[in-house]
**Student:** 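First the structure, then my questions, so here it is.
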Amino acid sequence: MQYALIIYEEPGHLDGLPEADREAAYADYRALAEDPRYAGGAQLQPVETATTVRVTGGRTLVTDGPFADTKEVLGGFCLVEAADLDEAIELAARVPAARLGGVVEVRPVMRF
């Protein structure tokens, strides 16, 4: 089954780390991307580049910025193949943001 690992983090959370810690976090992200269960993913551009779209009463409303005004923002996602939720959680725990003050939400992916 596929699971989305949705990564929420504080913008610039890696910038304040010592160089060695920052490089270790990048190495962990690369290692996850090389795991055979990794099916895809991407880091997102900074939250300042976000545009929110709503359609209300047939009108399209466009606003700058993310939908929610929060401390942590959606920073990226990974799509993984896992046998079950436990295996997906094991993969999510490998995401550096999870141990550096962020959160990784695990969700099963629906097939259409």
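Because the structure is predicted, anything quoted here is derived from the model rather than measured. All values below were derived from every heavy atom in this structure, side-chain atoms included, with hydrogens, water molecules and symmetry-related copies excluded.
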**Student:** If you group Ile, Leu, Val, Met, Phe, Trp and Tyr whenever their side-chain heavy atoms sit less than 4.5 Å apart, what else falls in with Leu61?
**Tutor:**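 The other cluster members (ILVMFWY side chains, heavy atoms under 4.5 Å, direct or chained): none.
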**Student:** Under the side chain to side chain contact (heavy atoms under 4.5 Å, CB included) test, which residues partner Glu90, sequence neighbours left out?
**Tutor:**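 Checked Glu90 against side chain to side chain contact (heavy atoms under 4.5 Å, CB included); matches are Arg37, Glu87, Arg94.
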**Student:** Under the salt bridge (Lys or Arg N to Asp or Glu O under 4.0 Å) rule, collect the residues that match up with Glu34, sequence neighbours excluded.
**Tutor:**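 With sequence neighbours excluded, Glu34 shows a salt bridge (Lys or Arg N to Asp or Glu O under 4.0 Å) to no residue whatsoever.
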**Student:** Kindly determine whether Thr51 and Thr63 satisfy side-chain contact (heavy atoms from CB on, under 4.5 Å), including the steps that lead there.
**Tutor:** CA-CA 6 Å; Thr51 301; Thr63 55; over 6 Å; no
**Student:** Go through the structure and list residues passing side chain to side chain contact (heavy atoms under 4.5 Å, CB included) with Pro18, not counting sequence neighbours.
**Tutor:**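 With sequence neighbours excluded, Pro18 shows a side chain to side chain contact (heavy atoms under 4.5 Å, CB included) to Asp21, given in chain and number order.
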**Student:** Taking the side chain as every heavy atom from C-beta outward, state whether Leu74 and Ile7 have any pair of such atoms under 4.5 Å apart.
**Tutor:**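 A side-chain contact under 4.5 Å is absent here.
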**Student:** My understanding is that only residues two or more places apart in sequence, or in another chain, count here; which of them pass side chain to side chain donor-acceptor pair (under 3.5 Å) with Arg111?
**Tutor:**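 Gln2.
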**Student:** Does Leu85 offer a backbone N or O that forms a donor-acceptor pair with the side chain of Tyr3 under 3.5 Å?
**Tutor:**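 Confirmed, Tyr3 side chain pairs with Leu85 backbone.
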**Student:** Under the side chain to side chain donor-acceptor pair (under 3.5 Å) rule, collect the residues that match up with Gln45, sequence neighbours excluded.
**Tutor:**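 For Gln45 there are no side chain to side chain donor-acceptor pair (under 3.5 Å) partners, ignoring immediate neighbours.
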**Student:** Name every donor-acceptor pair, under 3.5 Å, that has one atom in a side chain of residues 95-104 and the other anywhere in the protein, sequence neighbours excluded.
**Tutor:**
{"residue": "Arg99", "atom": "NH2", "partner": "Asp28", "partner atom": "OD2", "Å": "2.3"}

**Student:** Cluster partners of Phe112, using ILVMFWY side-chain heavy atoms under 4.5 angstrom, listed by chain and number?
**Tutor:**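 Other cluster members: none.
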**Student:** What is the minimum heavy-atom distance between Glu9 and Gly75, and which atoms define it?
**Tutor:**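 Looks like OE2-CA, 3.6 Å.
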**Student:** So does Asp15 get a backbone contact from the side chain of Arg22, meaning a donor-acceptor N/O pair under 3.5 Å?
**Tutor:**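 Pair found, side chain donor or acceptor close to backbone of Asp15.
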**Student:** Tell me whether Ile89 is reachable from Leu5 by hopping between hydrophobic residues (I, L, V, M, F, W, Y) whose side-chain heavy atoms are closer than 4.5 Å.
**Tutor:**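 Same cluster.
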